[in-house]
Amino acid sequence: MELTLFVIIGAVAVISAAMMLISENAIYSTLFLILNFACIAFFFLMLNAPFLAMVQITVYAGAIMVLFLFVIMLLGAEQVIPSTETRFNWLASAVVGLALVFLVAVSAAIIDGKIEITEPQKIEPHVRVVNAMDGIPALDVYLDGTAIARDVEFHDNTRFKAWNEGRYTLALFAAGDDPQSDTPLVEQQVELNRGEALTFTAVGRLVNPGPGLVVVTEQVDYNEEKDTLRLIAVNGLPERALVDVLDESDSGNRKVLVDGLEYGKSAETEIGQGTYTLGLYSDGDKDNRVSVLKDAEFDANTTVLVVFTEQQQPDNSFRDLVINVENKSAPSFGGPTHVGRLLFSRYVLPFEMVGLLLLVAMIGAIVLTHETLAPRRRMPRRFANPAVGYEPPADKPGA
Amino acid sequence: MKTPEVAIELYILLSAILFIMGVMGVLLRRNAILVFMSVELMLNASNLALVAFSRQWANGDGHLIVFFVITVAAAEVAVGLALIVAIFRTKKSIDIDALHLFKD
């Protein structure tokens with residue numbers, strides 16, 4: 001299916017490029033080039049680059065080609081009148097021949113597999129932090145001494161951040177502690193692999209049984225489109241050894257989603273999209289509900305993290321609480337969010353330089369086209385000297 | 001991860017074909033605007049290759065470079081078309097064979 005589409009659109013792209021080259025009328029050439037750009041935008045879509053496809057259509061096919069059309073119409077230069085003699089004809093044929101030879105060589109090399117291309121790579125690992133441990137004002141999280149999140153308050157979570165793969169020591173500190181000298185609340189070895197998104201969830205109580213850490217790893221596959229979603233449940237209730245998670249959307253027909261989830265562990269299940277009411281029960285006890293997440297809307301193709309935890313009350317008792325981490329799964333590859341994040345992190349300087357370049361180009365266009373070479377007007381200055389006084393032009397009625 | 005149905009070689013091949021068509025346009029056409037449009041075609045062919053490689057390596061940098069190429073192309077078009085307009089004013093033609101400044 002995809003291959004058929006590729007062949008058809010590719011044929012349209014090549015034919016439109018050829019028609020652009022051989023059209024005598026420049027207007028037709030421009031229109032064929034726009035068709036070619038539309039085909040390339042389609043390829044961008046097929047290559048998981050929806051943002052670039054959009055930019056291609058709006059900027060290229062929209063702005064740039066309209067500028068071309070405008071200049072062609074302005075100059076009336078649809079057709080170039082051929083000059084009297086045709087020089088360099090041997091050059092033209094030589095160029096075509098060389099180009100064809102090169103094309104055959106390149107395609108032979110590519111099809112023959114001489115270009116070393118290994119398996120497609122997976123996306124770099126992403127990490128985020130969820131604080132589900134009450135008792136300290138906020139949390140700092142470090143990987144090998146580098147902060148990935150600071151001041152994460154209870155019930156909060158950070159966005160996914162790209163990180164280099166490798167083995168790290170993950171350390172949780174109370175906000176403001178010095179990672180060099182202070183002892184961490186929790187320390188754990190974690191491994192970051194490509195194609196994974198890791199969620200570090202802090203759970204438990206500060207004392208008895210002490211803070212805990214749940215590392216949830218989800219596989220990120222930007223090529224996969226599904227109509228279901230992944231639900232990850234985390235048990236952060238130190239006093240509940242084993243819990244069940246039930247789908248109570250239909251009160252008459254409760255379904256067990258997760259069975260026997262230990263404290264400090266996570267479980268993953270796949271459900272369809274829709275509105276859910278999730279209930280938490282002690283294992284085996286289907287009558288006394290511990291806590292509930294009411295009417296949560298889950299979209300397809302996302303990952304939903306539900307953390308069952310507890311909040312410390314003023315009288316030092318604990319109230320059960322559910323943290324439903326929003327459907328921010330790792331940013332989809334090539335989407336506007338992904339491109340935007342890259343643009344404003346690693347590529348800020350090039351972006352500014354390109355902006356400067358555009359400014360220079362604008363000034364250049366103005367300098368090139370404004371008429372300094374044309375003779376100055378010899379008309380007397382009417383409004384230059386206010387001391388002379390202003391005489392309205394006689395040919396304007398009513399003035 | 002499932003392997004994409006269309007192999008990257010095909011994208012690179014298509015990109016090479018389009019690029020060479022652009023080269024031919026630059027070298028063979030007389031109309032200066034057509035030459036310019038052929039340059040745009042070459043830029044697009046290289047963009048296609050960049051995005052294909054970007055998917056292959058799951059690396060967003062290729063996308064950013066394509067973004068910058070599009071921006072630079074816009075700047076280039078602005079200056080280039082201004083040049084063509086300026087040349088047309090003096091020469092009354094945009095035939096690049098007529099642009100032998102030192103000949104006449």
Side-chain angles (χ1 to χ4, degrees), chain A residues 2-3 6 10 13-14 17-18 20-21 26 29-30 33 36-37 40 43-44 47-49 52 55 59-60 64 67-68 71-72 75 77 80 83 92 95-96 99 102-103 106-107 110-111 117 120-123 195 221 223 333-334 338-339 342-343 347 350 354 357-358 361-362 364-365 368-369, chain B residues 1-6 8-14 16-18 20-21 23-25 27-31 33-34 37-38 40-41 44 47-48 51-52 54-60 63-64 66-68 70-79 81-86 88 94-95 97-98:
Chain A
E2 208 184 321
L3 193 63
F6 176 86
V14 171
M20 179 209 116
L21 289 183
S29 291
T30 316
L33 191 58
N36 183 271
F37 285 172
I40 289 181
F43 285 132
F44 284 176
L47 286 167
N48 292 327
L52 285 181
V55 169
V59 176
Y60 249 127
I64 295 183
L67 197 61
F68 269 107
V71 169
I72 291 171
L75 302 184
V80 168
S83 40
V95 162
V96 174
F102 182 66
L103 180 59
V106 165
S107 34
I110 290 170
I111 297 297
I117 295 165
Q121 289 275 309
K122 291 177 173 177
I123 199 161
D221 188 353
N223 265 332
F333 179 76
H338 183 231
V339 175
L342 271 177
L343 195 60
Y347 284 92
V354 161
L357 180 76
L358 278 173
M362 191 181 76
L368 283 172
T369 43
Chain B
M1 192 172 86
K2 74 177 178 191
T3 333
E5 205 175 320
V6 182
I8 186 175
E9 285 92 344
L10 289 177
Y11 282 106
I12 305 304
L13 179 62
L14 179 69
I17 291 174
L18 289 179
I20 286 172
M21 290 177 113
V23 172
M24 281 157 71
L27 292 175
L28 301 181
R29 289 305 302 250
R30 285 233 186 71
N31 194 330
I33 290 182
L34 253 298
M37 277 158 49
S38 301
E40 297 300 314
L41 185 63
N44 261 278
N47 280 356
L48 186 61
V51 175
S54 189
R55 181 189 67 169
Q56 187 74 9
W57 300 106
N59 192 332
H63 289 191
L64 265 294
V66 169
F67 184 78
F68 290 134
I70 290 178
T71 327
V72 170
E76 172 225 329
V77 164
V79 175
L81 287 180
L83 269 175
I84 288 177
V85 170
F88 188 79
I94 52 167
D95 186 344
D97 277 357

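Chain identifiers are assigned alphabetically (A, B, ...) following the order of the sequence lines, protein sequences preceding nucleic acid strands; residue numbering begins at 1 within each chain. Values below: all heavy atoms of this structure, side chains included; hydrogens, waters and symmetry mates excluded.
Annotation for B:A78 and A:A365: closest pair O-CB, 4.0 Å, computed over non-hydrogen atoms. A pairwise comparison of heavy atoms in A:V14 and B:L18 identifies CA-CD2, 4.3 Å as the closest pair. Contact record, A:F44 with B:V51: CE2-CG2, 3.6 Å, taken as the closest heavy-atom pair. The two atoms that bring B:A75 and A:L358 nearest to each other are CB-CD2, 3.7 Å, heavy atoms only.
With a 4.5 Å cut-off on non-hydrogen atoms, B:V79 touches chain A through its backbone and its side chain both. Both the backbone and the side chain of A:M20 come within contact range of chain B, each with at least one heavy atom under 4.5 Å from a heavy atom of that chain. For chain A, no part of B:E76 is nearby; none of its heavy atoms comes within less than 4.5 Å. Contact of B:L27 with chain A is made through the side chain alone, with heavy-atom distances under 4.5 Å. Residue contact with chain A, scored on non-hydrogen atoms closer than 4.5 Å, involves the backbone and the side chain of B:L83 alike. Looking at B:L64, only its side chain comes within 4.5 Å of chain A, counting heavy atoms on both sides. With a 4.5 angstrom heavy-atom cutoff, A:L33 touches chain B only via side-chain atoms. Interface residue A:F68: backbone and side-chain heavy atoms are both found under 4.5 Å from chain B.
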Candidate pair A:L357 and B:T71, rule side-chain contact (heavy atoms from CB on, under 4.5 Å), full reasoning: CA-CA 9 Å; A:L357 180 76; B:T71 327; over 6 Å; no
Residues A:I40, B:N47; criterion side-chain contact (heavy atoms from CB on, under 4.5 Å); working and verdict: CA-CA 9 Å; A:I40 289 181; B:N47 280 356; 5.7 Å; no
From CA spacing to verdict: side-chain contact (heavy atoms from CB on, under 4.5 Å), B:F68, A:Y347: CA-CA 10 Å; B:F68 290 134; A:Y347 284 92; 3.6 Å; yes
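Interatomic distance, A:I72 CD1 to B:L34 CG, rounded to the nearest 0.5 Å: 7.5 Å. Note that CZ of A:F102 and CD1 of B:I20 are 5.5 Å apart. Values are rounded to the nearest 0.5 Å. For the atom pair CG (A:L368) and CG (B:L81), the distance works out to 11.0 Å, reported to the nearest 0.5 Å. Remark: B:H63 NE2 to A:L47 CG distance equals 7.5 Å, nearest 0.5 Å. Atom CE in B:M37 sits 12.5 Å away from atom CD1 in A:I64 (nearest 0.5 Å). To the nearest 0.5 Å, atoms CG (A:L21) and CE (B:M24) are separated by 6.5 Å.
Between B:Y11 and A:F43, the angle of the ring planes goes over 60°, which puts this pair in the perpendicular group of the 30/60° scheme.
Among A:V55, A:V59, A:T30, the residue making the largest number of heavy-atom pairs under 4.5 Å with chain B is A:T30.
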